[in-house]
Every structure is written in C-alpha cells, then in structure tokens.
K.L.:
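Following this message is one structure expressed as structure tokens.
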Amino acid sequence: MIFFIPFLLFFFYFTNENGHSHFSANSSHPGHDYVEIPKGYDVPSVKIFVTQDQSDTWLLEVQTENFKFNPKKVGDKVPSYNEGHAHLYINGEKFNRLYGKYYNLGTLKQGKNKIKVTLNSNNHGTLIYNEKTIEDSMVVDVAY
C-alpha cells in the first residue's frame, strides 16, 4: 500500500501537466485549449483556398464569416467568440499564426500537403461549436 501512494501522486502530477489531455475554455495554455461558442453568438466559419502564384509559390486565402481578425488583442485572457486570429497547420504541424486573409506559404514539399486553418480566440483557444472545431482543410498535391 505504501508503494501505491507515490505511484498515484506521480500519475496525477503528469496527467495534469499534459496540456493535450484536458478540455478547458478558460485556461491560459496557448494552443491546447478550446473555446466553445455560447448560444446567442453568431457562429464563425472559415473556408480556405490554396493556389499557386506566378512566382511558383503557394498562396493561402482565408475567408471567414462572423469572425474578424484582431491581432492587437492576441493574448487577452478573456475568451472571444467572433474575433481573434487563426492557426495554420501544414501536414499536421503548427506552422504559424495568421492575422489576416492572405498568407504566402512559400514552396511546399513535393507530394501531398495537408493545409489546415483553425479559428482561435484572442486567448489562443481553438473555437468550437457543438464540440466541432471551427476549421477548414485541403490537400495540395505538389508535382515539380
């Protein structure tokens, strides 16, 4: 029994330290939490488009509804529901924050590249509605 108590303390310490294992609308750990859009607010949406430009790099266009980019408020502790920024993921890895409609992706690796954009509250929480992340993604197949 005495050996069991340290194990429990060890277990609870590390499960609480792992930011990926919890769901919280009000925590201050950027990139790990969610902000649920409450009833009464217009639900934001996002649609992305990726096109190759004339310089052979890739241009991301982010179209939103019921959402305004507001880079000056990034980092506010209070959740926001219809303003904030976006997070850009390429092939499952967070690549950058987005503060506006257009972003030059540069060159993409040959083959399939999954581009995903999530809308995020000023407090960095990923916006969700009805337990679904407000995001859009597409696959860009690059052949050189």
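Computation of the quantities below employed the complete heavy-atom set of this structure, encompassing side-chain atoms and omitting hydrogens, waters and symmetry-equivalent molecules.
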K.L.:
Quick one: are I37 and P44 in side-chain contact, heavy atoms under 4.5 Å?
P.N.:
yes

K.L.:
Output all residues satisfying side chain to side chain donor-acceptor pair (under 3.5 Å) with T118, sequence neighbours left out; order by chain, then residue number.
P.N.:
N120

K.L.:
Got a sec, which hydrophobics cluster with L59, joining ILVMFWY side chains under 4.5 Å apart, including via others?
P.N.:
Y102

K.L.:
Test of understanding: with salt bridge (Lys or Arg N to Asp or Glu O under 4.0 Å), list the residues that count as partners of K112, not counting sequence neighbours.
P.N.:
none

K.L.:
Less than 4.5 Å apart, any side-chain heavy atom of V50 and any of V140?
P.N.:
yes

K.L.:
Which pairs pass ring-ring contact (aromatic ring centres under 6.0 Å, His included) with one or both residues in residues 49-76, sequence neighbours excluded?
P.N.:
F67-F69

K.L.:
Holding to side-chain contact (heavy atoms from CB on, under 4.5 Å), I want the full list of residues that pass it with Y99, two or more places apart in sequence or in another chain.
P.N.:
P71, V74, H85, R97

K.L.:
Just jot down the side chain to side chain donor-acceptor pair (under 3.5 Å) partners of S55, sequence neighbours excluded, or say none.
P.N.:
D53, T57

K.L.:
Side chain of S137, backbone of K116: donor and acceptor closer than 3.5 Å?
P.N.:
no

K.L.:
Check whether the side chains of S80 and S121 place a donor and an acceptor atom closer than 3.5 Å, and report yes or no.
P.N.:
yes

K.L.:
Could you pull out all residues at least two apart from N96 that satisfy side chain to side chain donor-acceptor pair (under 3.5 Å)?
P.N.:
Y103

K.L.:
Rest of the hydrophobic cluster containing V139 (Ile/Leu/Val/Met/Phe/Trp/Tyr, side-chain heavy atoms under 4.5 Å)?
P.N.:
none

K.L.:
Of all residues at least two apart in sequence or in a different chain, which pass the side-chain contact (heavy atoms from CB on, under 4.5 Å) check with D42?
P.N.:
N66, N82

K.L.:
Just to verify, what does Y41 make a ring-ring contact (aromatic ring centres under 6.0 Å, His included) with, not counting sequence neighbours?
P.N.:
Y81

K.L.:
State which residues pass side-chain contact (heavy atoms from CB on, under 4.5 Å) with K109; sequence neighbours excluded, sorted by chain then number.
P.N.:
N91, N113

K.L.:
Does the side chain of L105 reach to within under 4.5 Å of the side chain of I90, using non-hydrogen atoms?
P.N.:
yes

K.L.:
Decide if atom CD of E93 counts as having more than 12 heavy atoms of other residues, nucleotides or ligands within a radius under 6.0 Å.
P.N.:
no

K.L.:
If a pair satisfies salt bridge (charged side-chain N to carboxylate O under 4.0 Å, His left out) and one of its residues is in residues 58-73, list it, with sequence neighbours excluded.
P.N.:
E61-K101, K73-E83

